[in-house]
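In what follows, chains are A, B, ... by sequence order, proteins preceding strands, each numbered from 1. Remember, predicted model here, so these are calculated numbers, not experimental data.
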There are 2 protein chains.
Amino acid sequence: MTTDQTKISPEFIQNAARILKTLGHPDRIKIVEYLENGEKTVGQIHRDLELQQPIVSQHLKMMHDRDIVIFRQEGTRYFYSLANNFIIKILNCMSDVQGKLNSGEWDFDFSTTSNQKEIA
Amino acid sequence: MTTDQTKISPEFIQNAARILKTLGHPDRIKIVEYLENGEKTVGQIHRDLELQQPIVSQHLKMMHDRDIVIFRQEGTRYFYSLANNFIIKILNCMSDVQGKLNSGEWDFDFSTTSNQKEIA
DNA sequence: GTTTTATATAGTAAAACTACTATATTCAAA
DNA sequence: TTTGAATATAGTAGTTTTACTATATAAAAC
């Protein structure tokens, strides 16, 4: 029902697109989800998520450019964390969806997807 | 708090990434949002959103491949609609976020973004 | 001082996306 | 049966992403 009352503004569409696009990569989703537990160093992400270090840095750099993560430096280590609750909100949204899919409340089967919608 | 209880499954991450990435384009967000009002023909989208027809078809094809939209053909016209509530859920999530940003409840200012998180 | 450790950066080839133009296809209409 | 309307497709040049390898930096540890 958030359809007509909360019309997505043109300016926001740009931001939303950029955020969604950036979040649209398996590794980055994993990283963001991992960061929900609090700030982590590149090495922790690298080891715990089993991703190559340069790849991790690359993803983090992209996400930093797009304001998804921030970091603080301490000696030779960089501690990254989520930049905004916005990101968590989306992640939770995805989690909710997953829950409904797992519980069978929704069909995510596709190919068989039926959706008549309110066709007048 | 959907962190540890509802762990995002590896399989879902793939789907989520594909969906988010696909939604990560201004035109496609506009189209999806437009389709929330019910099914529309290519021509309607083309005219109402002021997007070139081939571009619209291109986006719709991609979104169909990624199971975001479905369509039914009637004569020479194609009626497109959203394939799953999943998509609406995400859109609503984005709308909510926008609402909070507009109301100043959150800062989306970035660059100034502060986020200490629960640093132990 | 020299060697690790922790990260960022450069460089790059292959793949995917974007935005267009031109054209084919299929119905509907005259 | 020719025309026009509604869409899909093909083709393509330019731009981003991706995924790696190699390397530069800077702080720590010896």
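Taking only side-chain nitrogens and oxygens, A/Arg28 comes nearer than 4.0 Å to OP1 or OP2 of D/dT18.
Chain A approaches DNA chain C over the interval C/dA6 to C/dT9, counting the first and last nucleotide 5' to 3' with an atom under 4.0 Å from its heavy atoms.
Between the side chain of B/Thr76 and the base of D/dA6 there is at least one donor-acceptor pair of N/O atoms closer than 3.5 Å.
Rounded to whole angstrom, the span from the CZ atom of B/Arg77 across to the C1' atom of D/dA8 amounts to 16 Å. Residue A/Met62 contributes atom CE, which lies 6 Å from atom C1' of D/dT17 at whole-angstrom precision. A straight line from CD of B/Glu74 to C1' of D/dT7 spans 14 Å, rounded to a whole angstrom.
Interface residues of residues 51-60 of chain A facing DNA chain C, ordered by number: A/Gln53, A/Pro54, A/Ser57; criterion, heavy-atom separation under 4.0 Å.
Among the protein residues, B/Tyr80 comes within range of the sugar-phosphate backbone only, with heavy atoms under 4.0 Å from sugar or phosphate atoms but none that close to a base. Note on B/Phe79: nothing from the nucleic acid sits closer than 4.0 angstrom, heavy atoms only. A/His46 comes within 4.0 angstrom of no nucleic acid atom, judged by non-hydrogen atoms across all strands.
Between A/Gly75 and B/Lys21, the residue anchored nearer the 5' end of DNA chain D, judged by the nucleotide with its closest heavy atom, is B/Lys21.
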Side-chain atoms of residues 22-29 of chain A: list all donor-acceptor pairs with protein atoms under 3.5 Å, sequence neighbours left out, distances to 0.1 Å.
from: A/Thr22; atom 1: OG1; to: A/Arg18; atom 2: O; distance (Å): 2.7
from: A/Thr22; atom 1: OG1; to: A/Arg66; atom 2: NE; distance (Å): 2.9
from: A/His25; atom 1: ND1; to: A/Asp27; atom 2: N; distance (Å): 3.0
from: A/Asp27; atom 1: OD2; to: A/His59; atom 2: NE2; distance (Å): 3.3
from: A/Arg28; atom 1: NE; to: A/Thr22; atom 2: O; distance (Å): 2.5
from: A/Arg28; atom 1: NH1; to: A/His59; atom 2: ND1; distance (Å): 3.2
from: A/Arg28; atom 1: NH2; to: A/Thr22; atom 2: O; distance (Å): 3.4

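Of all heavy-atom pairs between A/Tyr34 and A/Lys40, the closest is CE2-CG, 3.5 Å. Nearest heavy atoms, B/Phe79 versus B/Glu74: CE1-CB, 3.8 Å. The two residues A/Leu35 and A/Tyr80 make their nearest non-hydrogen contact at CD2-O, 3.4 Å. In terms of heavy-atom proximity, B/His46 sits nearest to B/Gln53 at ND1-N, 3.5 Å.
When each of B/Leu51, B/Ile68, B/Leu82 is paired with B/Ile31, the side chain to side chain contact (heavy atoms under 4.5 Å, CB included) condition holds for B/Leu51 and for no other.
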